[in-house]
Amino acid sequence: MRRLTILGPFFVPAPLSVRFAREPHRVTSRASGIYHVTPSSGPRVPRPRREALARGLASIVGAEHAQWREPELLVYDADGLVLEKFWPDLVALPGSAAEVREVLRFAAREGLAVMARGAGTGLCGGSLAERGGIVLNLARMNRVLAIEPDDRLAVVEPGVVNLDLSRAAARHGLYYAPDPSSQMSSTVGGNLSTNAGGPHCLKYGQTHRHVLSCELVTADGDVVRLGDAAPGGPAFELLSLVIGSEGTLGVVTELTVRLTRVPETVRTFLVSFDTVETASRAVSDIIAAGIVPSALEMLDHLTIVAVEPYVHVGLPLDAGAALLIELDGPAAGMDRRARQIAELCERNGGRDYREAKDDAERALLWKARKGAFGAMGRIANGFYVMDGVVPRSRLPETLRRVGEICHERGLRVANVFHAGDGNLHPNVLFDPDDPDQVARALEASHEILRACVELGGALSGEHGIGNEKREMMGLVFTPADLDTMRAVKRAFDPGERLNPDKIFPTGAAPWRPAPLRAAGSEAAWI
Ligand SMILES: Cc1cc2nc3c(=O)[nH]c(=O)nc-3n(C[C@H](O)[C@H](O)[C@H](O)COP(=O)(O)OP(=O)(O)OC[C@H]3O[C@@H](n4cnc5c(N)ncnc54)[C@H](O)[C@@H]3O)c2cc1C
């Protein structure tokens, strides 16, 4: 028997202890008792064949970077979604584009699917090995190859962690602007592939605004360069196809990205409101006044209740909502904009107005926002992070609807989100030990996304489609739209080996509570 320790980002704040037994695998959590991992889990390819295939991979990436044993594979059975689990048959950790190319050629010869994977923080099951095959972990390709301050760009490998790039650029007074809340661990390759957003993308735009070109290895092992660091260009603009394509078109092995000058001044404010509606009105008024804050984030009452005892930032526990507002740019005019924001908040009932006096206090205010997902573990054993988007003006209505959907199913919901972008993240809380609650949470999440679409929004503001939302694509795209996208996929990947079964509907039911379905009454959660 072997023991491992896993930190589950969402379901279980406490370390898990996983025991490998014959069947089923038992997973014990201090917080939530004993669950059973899906009996269907485990690699599909029998052990002797895996071992043989691993020898082939080892001849490309080296024996220590070709993994095939169960404990090695288990690490890759889920991403941040953790609702669905599929074991890969093999994992390869290439060290260069040439090795990626050879792994893809090897996979083509052996008829294996390949799933690129950055840090695995994705929240839509994007890097899962639903059909088995090879997970291509790009973590070793983590070098910042060049920083060119005069041209304000950087050339990086895909496995560079987002925040590490900004740290590397800091000595030149530059940083990488797209800042998903996972920036301490998610990779620039994963960010490109999901077109990641983040709190500061309200002003600076999502990842696609910051990628100038990339090197891509296609399913057949061809290496192509898309986009150009120089402006303009007469050719097809294929880079845009790849950004946000979630690893379905090729494996990104190098990126040239735009760097942004560190702003002269940053001002950060935290304001409480009695209700989400009044806070939302303040958001609309700020934008209508022509002010574009660099960030405009909202926490609702339940999120405040989860976060405050953890960060001690002084948020009143009776507040219905709080806004975290940040301004950045030249010092000139900053005071005037800060005053305007204070007035607009006050006019909408804003109270407990607080401004960070220094960087330490700014970091504390941000901890209230960026630590919110982690803090959910204080109020529930399990939660499901949704990612819908609606026009900003429909936020109050949407949040009301989200509340109703959850209330009707006897569930609590905590909202923390990029209010300025209309990108909501309802966190549907549930007890993973209760299969009925799990089923209700899944149903609620489906209804929430349907409501976002009905209110003029879309299925994803930033997390992507993956396998989580693919069966709902028909809500927003016509069959002709989807056929056009499929034609693009086939042009890059005729054999459909790269991240198969992602993004496109397969005809299955919209939500497949796989752990319940597979394990009967004994749900499986990590
Ligand atoms: C606490 C937390 C906060 C988050 N906050 C945000 C947020 O604010 N904004 C946001 O947008 N997302 C957020 N996310 C989701 C997630 O971090 C992003 O989707 C991120 O971009 C994923 O990066 P990754 O390196 O973990 O990629 P992975 O999860 O490993 O992969 C994501 C997708 O990209 C593909 N992929 C990865 N690398 C490559 C490559 N080199 N070539 C081709 N395809 C590749 C994978 O196949 C998969 O489809 C958050 C997640 C967590 C856990």
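In each ligand, atom 1 is the first atom listed, and ligand 1 is the first ligand listed. All residue numbers in this chain count up from 1 along the given sequence.
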*So, S186 and N191: side-chain donor and acceptor under 3.5 Å apart, yes or no?*
yes
*For ligand 1, does S182 get within less than 4.0 Å through its side chain, its backbone, both, or neither, judged by non-hydrogen atoms?*
both
*Out of T484, L498, L241, which residue meets the side chain to side chain contact (heavy atoms under 4.5 Å, CB included) rule with K489?*
L498
*Which class fits the ring pair F383 and F373: parallel under 30°, tilted 30 to 60°, perpendicular over 60°?*
tilted
*Numbering the atoms of ligand 1 from 1, which are under 4.0 Å from a heavy atom of V251?*
42 (N), 43 (C)
_Numbering as shown, the atoms of ligand 1 that approach F373 to under 4.0 Å (heavy-atom distance)_ = 1 (C), 2 (C), 3 (C)
*Could you say whether the N/O atoms of G197 and ligand 1 ever approach to under 3.5 Å?*
yes
_Option of least heavy-atom distance to atom 22 (C) of ligand 1 (set: I503, T121, T248)_ = T121
*E130/R470 under salt bridge (Lys or Arg N to Asp or Glu O under 4.0 Å): CA gap, chis, key distance, verdict*: CA-CA 13 Å; E130 202 163 343; R470 67 181 175 212; 2.9 Å; yes
*So is N499 close enough to ligand 1, meaning a heavy atom under 4.0 angstrom away?*
yes
_So for ligand 1, is G120 a polar contact partner (N or O within less than 3.5 Å, distance only)?_
yes
_Under 4.0 Å to a heavy atom of P158 - the qualifying atoms of ligand 1, by number_ = 41 (N)
*In terms of atom number and element, which parts of ligand 1 are under 4.0 angstrom from non-hydrogen atoms of G250?*
43 (C)
*With respect to atom 40 (C) of ligand 1, which of L498, L138, L123 exhibits the smallest heavy-atom separation?*
L138
*With sequence neighbours left out, what residues match S213 under side chain to side chain contact (heavy atoms under 4.5 Å, CB included)?*
R225, T256
*Proximal candidate to atom 30 (O) of ligand 1 [heavy atom criterion; set G461, G118, A116]*: G118
*Write out all pairs satisfying ring-ring contact (aromatic ring centres under 6.0 Å, His included) with one or both partners inside residues 121-147, taking only residues at least two apart or from two chains.*
none
*Could an N or O of ligand 1 be found under 3.5 Å from any N or O of P180, whether backbone or side chain?*
no
*So, do V385 and H463 sit near enough that their side-chain heavy atoms are less than 4.5 Å apart?*
yes
*asked:* I'd like to check which ligand 1 atoms, numbered from 1 as shown, lie under 4.0 Å from a non-hydrogen atom of S181.
replied: 3 (C), 5 (N), 6 (C), 7 (C), 8 (O)
*asked:* Whether the D387 and N423 side chains hold a donor-acceptor pair (N or O, under 3.5 Å, no angle test) is what I'd like checked.
replied: yes
*Identify, by atom number and element, the atoms of ligand 1 in contact range of G247, meaning under 4.0 Å from any of its heavy atoms.*
43 (C), 44 (N)
*asked:* With salt bridge (Lys or Arg N to Asp or Glu O under 4.0 Å) as the criterion, how do D164 and R143 come out once you've worked through the C-alpha distance, each side chain's angles and the decisive distance to 0.1 Å?
replied: CA-CA 10 Å; D164 288 348; R143 286 176 307 158; over 6 Å; no
*Return yes when G80 approaches ligand 1 closer than 4.0 angstrom through a heavy atom, no otherwise.*
no
_Flag side-chain contact, heavy atom, 4.5 Å: L74 against D77_ = yes
*Backbone, side chain, both or neither: what part of N191 comes under 4.0 angstrom of ligand 1, heavy atoms only?*
both
*asked:* Within the structure provided, determine whether L459 and M473 are in side-chain contact (heavy-atom separation under 4.5 Å).
replied: yes
_Side chains of L174 and V262, heavy atoms from C-beta outward: is any pair under 4.5 Å?_
no
_Nearest option to atom 35 (C) of ligand 1, as decided by whichever heavy atom of S193, S186, S185 sits closest_ = S193
*Pairwise side-chain contact, R209 with Y204, heavy-atom cut-off 4.5 Å (strictly under)*: no
*Give a yes/no on ligand 1: does H463 have at least one heavy atom closer than 4.0 angstrom to it?*
yes
_Give the atom numbers and elements of ligand 1 that come within less than 4.0 Å of a heavy atom of E246._
47 (O), 49 (O)
*Mind checking whether E462 has an N or O less than 3.5 Å away from an N or O of ligand 1?*
yes
*Using distance alone, decide if ligand 1 has a nitrogen or oxygen within less than 3.5 Å of any nitrogen or oxygen in V252.*
yes
*asked:* Working note: Y76 + V135, criterion side-chain contact (heavy atoms from CB on, under 4.5 Å); need CA distance, chi angles, decisive distance, verdict.
replied: CA-CA 8 Å; Y76 299 91; V135 162; 3.8 Å; yes
*Output yes when the distance from some N or O of ligand 1 to some N or O of A119 is under 3.5 Å, and no in every other case.*
yes
*Run the numbers for me: atoms of ligand 1, each under 4.0 Å from some heavy atom of R117, listed by number.*
30 (O)
_Which segment of T194 sits under 4.0 Å of ligand 1 when only heavy atoms are counted_ = side chain
